[in-house]
Amino acid sequence: MELFKIKAFGLLAEKLQASEFDFPYHKDTEQLLNALKESHPELQSSKFSLAVDKNLVQQNTGLNGNEEIALLPPFSGG
Amino acid sequence: MELFKIKAFGLLAEKLQASEFDFPYHKDTEQLLNALKESHPELQSSKFSLAVDKNLVQQNTGLNGNEEIALLPPFSGG
Amino acid sequence: MARKPKNIFVEGAISPEKIATSIQHHSEKTDIGAHSIFLGQVRADEKEGSVVRAIEYTAYEEMALQKAFEIREAVFEKYPLTCMHIYHSLGEVKTGEICLFVFTSSKHRKVAIDACEELVERIKKELPVWGKELLENGETWKVNT
Amino acid sequence: MARKPKNIFVEGAISPEKIATSIQHHSEKTDIGAHSIFLGQVRADEKEGSVVRAIEYTAYEEMALQKAFEIREAVFEKYPLTCMHIYHSLGEVKTGEICLFVFTSSKHRKVAIDACEELVERIKKELPVWGKELLENGETWKVNT
């Protein structure tokens with residue numbers, strides 16, 4: 001079983017009390033998101049996007065386990 | 001007979017070889033312009049506006065002889 | 001609060017240091033969230049088989065200051081700006097140097113950006129200022145497009 | 001001419017001197033006629049019964065630099081710009097200090113102004129950067145509007 005290394009930023013890193021954590025492999029972003037929300041209920045009330053290899057995910061995307069996954073709250077730069 | 005003191009700027013000051021000159025009184029801007037073009041033919045080929053007391057003249061305007069008259073070629077600041 | 005006409009003219013080029021100082025002065029105004037700055041720089045355009053090496057600016061100063069004041073008031077009326085600054089060179093400004101500095105500040109970016117653009121357009125169109133392009137070889141009067 | 005991703009991040013506030021130096025560097029480029037500059041400044045907003053004293057910025061840096069590069073390329077493609085510079089702060093920036101510096105240069109003003117505005121909008125919307133507002137009394141995550 002591969003593990004994802006998942007990065008979290010901003011408010012989410014605070015809520016999850018981690019800026020990077022390991023998480024079991026899932027075969028696509030939809031399954032991964034569901035599993036994340038189940039194991040981290042604090043994500044259910046949060047607005048965030050998923051990035052796979054530094055690209056925002058717009059629709060369900062297949063995963064092979066080597067991707068860099070990141071949880072991104074709404075941007076507030078500038 | 002009153003005399004206007006007429007200011008000229010930019011290209012017009014160069015053409016008239018003066019940045020200020022005296023000119024006989026005329027009762028409105030239309031007559032003044034006609035007289036100016038007659039006595040200074042170099043004005044006939046020049047595009048310029050007339051300012052009376054630092055306001056651009058948009059239509060024929062009466063003059064009492066105490067106004068500050070200026071000949072302004074197209075602006076090219078900035 | 002009644003405002004009075006301010007001098008906008010600077011003898012010669014506007015230095016980057018002057019711009020930095022002007023920005024620095026706004027750090028006290030902590031309700032500002034956005035600054036928009038426009039700078040006009042003298043180009044080495046090709047003209048009449050030669051090249052521009054400088055522009056020499058003259059103005060009908062009293063009228064220009066009055067007009068700049070009217071423009072200031074109108075733009076302050078239209079946009080909720082915190083600050084507005086306009087500087088234009090007189091005399092000789094060499095190619096690569098700054099001849100116009102327009103600076104607007106507001107709480108939010110859209111206001112500062114829109115007001116700055118409107119100011120630049122009005123300044124170019126309405127201020128009685130003239131530029132004579134001094135060429136390597138001769139001179140010619142600048143025409144704004 | 002292939003361009004590579006450039007670092008846009010600056011530790012702490014962006015100083016007026018840095019801005020002046022950046023302007024100064026463009027005096028060599030004598031085909032430039034217009035510069036447009038946008039500066040973001042940290043506001044002392046009232047929040048949760050307290051007042052913002054600083055914003056602490058963090059970013060997903062690798063993604064932000066890649067995204068900034070894509071935005072740069074797209075804007076260079078769309079507008080005939082001579083130069084484009086983007087700087088964003090990381091870490092703590094106090095109220096009244098500059099946290100964003102966007103700088104475009106072109107032959108004519110319209111291009112520089114439009115490109116600068118588009119860059120600012122895209123930077124705010126598309127770069128994975130987060131600001132935490134540090135209050136006199138507590139803290140809260142910034143929300144862009």
Side-chain angles (χ1 to χ4, degrees), chain B residues 2-23 26 28-30 32-33 35-37 40-78, chain C residues 5 8-10 14 38-43 45 47 52 55-71 86-91 93 97-102 116-117 119-134 138-145:
Chain B
E2 303 211 44
L3 285 174
F4 283 121
K5 277 215 184 303
I6 299 189
K7 293 172 184 281
F9 292 91
L11 176 61
L12 287 182
E14 257 182 27
K15 281 193 176 181
L16 298 168
Q17 294 181 295
S19 58
E20 194 163 321
F21 59 96
D22 292 333
F23 198 76
H26 287 78
D28 60 35
T29 53
E30 204 172 287
L32 176 62
L33 269 174
L36 277 166
K37 285 181 182 171
H40 299 280
E42 54 272 50
L43 290 176
Q44 286 167 24
S45 61
S46 302
K47 208 181 148 193
F48 67 96
S49 305
L50 204 68
V52 173
D53 288 339
K54 307 182 190 87
N55 288 302
L56 284 183
V57 168
Q58 315 279 1
Q59 54 191 27
N60 191 23
T61 305
L63 299 170
N64 61 33
N66 294 317
E67 292 88 353
E68 181 175 310
I69 308 285
L71 309 181
L72 312 178
F75 307 157
S76 56
Chain C
I8 64 165
F9 290 114
V10 173
I14 296 160
F38 178 86
L39 303 174
Q41 181 168 306
V42 174
R43 283 196 314 269
D45 280 357
K47 287 283 168 81
V52 174
I55 294 182
E56 189 181 46
Y57 288 101
T58 52
Y60 183 4
E61 290 190 48
E62 303 88 333
M63 178 175 167
L65 294 183
Q66 182 184 301
K67 198 73 207 167
F69 178 65
E70 289 170 23
I71 295 171
I86 301 170
Y87 298 101
H88 197 298
S89 293
L90 287 183
V93 182
E97 292 184 329
I98 307 292
C99 57
L100 174 62
F101 171 27
V102 179
C116 187
E117 179 166 14
L119 277 171
V120 172
E121 294 304 319
R122 293 195 63 175
I123 286 164
K124 291 233 172 201
K125 201 171 152 200
E126 299 177 38
L127 290 197
V129 176
W130 299 274
K132 181 157 74 174
E133 291 170 323
L134 308 179
E139 55 186 48
T140 181
W141 287 90
K142 184 168 173 269
V143 177
N144 275 4
T145 48

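Letters A, B, ... mirror the listed sequences (proteins, then strands); counts begin at 1.
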Checking [X] against chain B: side chain, backbone, both or neither under 4.5 Å from a heavy atom?
X: Gln66(C); value: side chain
X: Ile123(C); value: neither
X: Lys67(C); value: neither
X: Ala64(C); value: neither
X: Glu133(C); value: neither

Take the angle between the ring planes of Phe9(B) and Trp130(C) and call it parallel below 30°, perpendicular above 60°, tilted in between. parallel
What closest approach, in Å, do [X] and [Y] show between heavy atoms, and which atom pair accounts for it?
X: Trp141(C); Y: Glu14(B); answer: NE1-OE1, 3.1 Å
X: Lys7(B); Y: Tyr60(C); answer: CD-CE1, 3.9 Å
X: Gly78(B); Y: Leu100(C); answer: CA-CD2, 3.9 Å
X: Ala51(B); Y: Met63(C); answer: CB-SD, 3.9 Å

Could you give me the CA-CA distance, side-chain angles and deciding distance for Lys132(C) and Leu11(B), then say whether side chain to side chain contact (heavy atoms under 4.5 Å, CB included) is met? CA-CA 8 Å; Lys132(C) 181 157 74 174; Leu11(B) 176 61; over 6 Å; no
The test is side chain to side chain contact (heavy atoms under 4.5 Å, CB included); show your working for Ser76(B) and Val143(C) and say whether it passes. CA-CA 6 Å; Ser76(B) 56; Val143(C) 177; 6.0 Å; no
Tell me, yes or no, whether the heavy-atom count around Gln44(B) atom CD, taken from other residues, nucleotides or ligands under 6.0 Å, exceeds 12. yes
Residue Glu70(C) excluded, over 12 heavy atoms near CD under 6.0 Å: yes
If one checks every heavy atom of Ala13(B) against chain C at 4.5 Å, the contacting part turns out to be neither
With the side chain counted from C-beta on, respond yes when Glu126(C) and Leu56(B) share a heavy-atom pair under 4.5 Å apart, and no when they do not. no
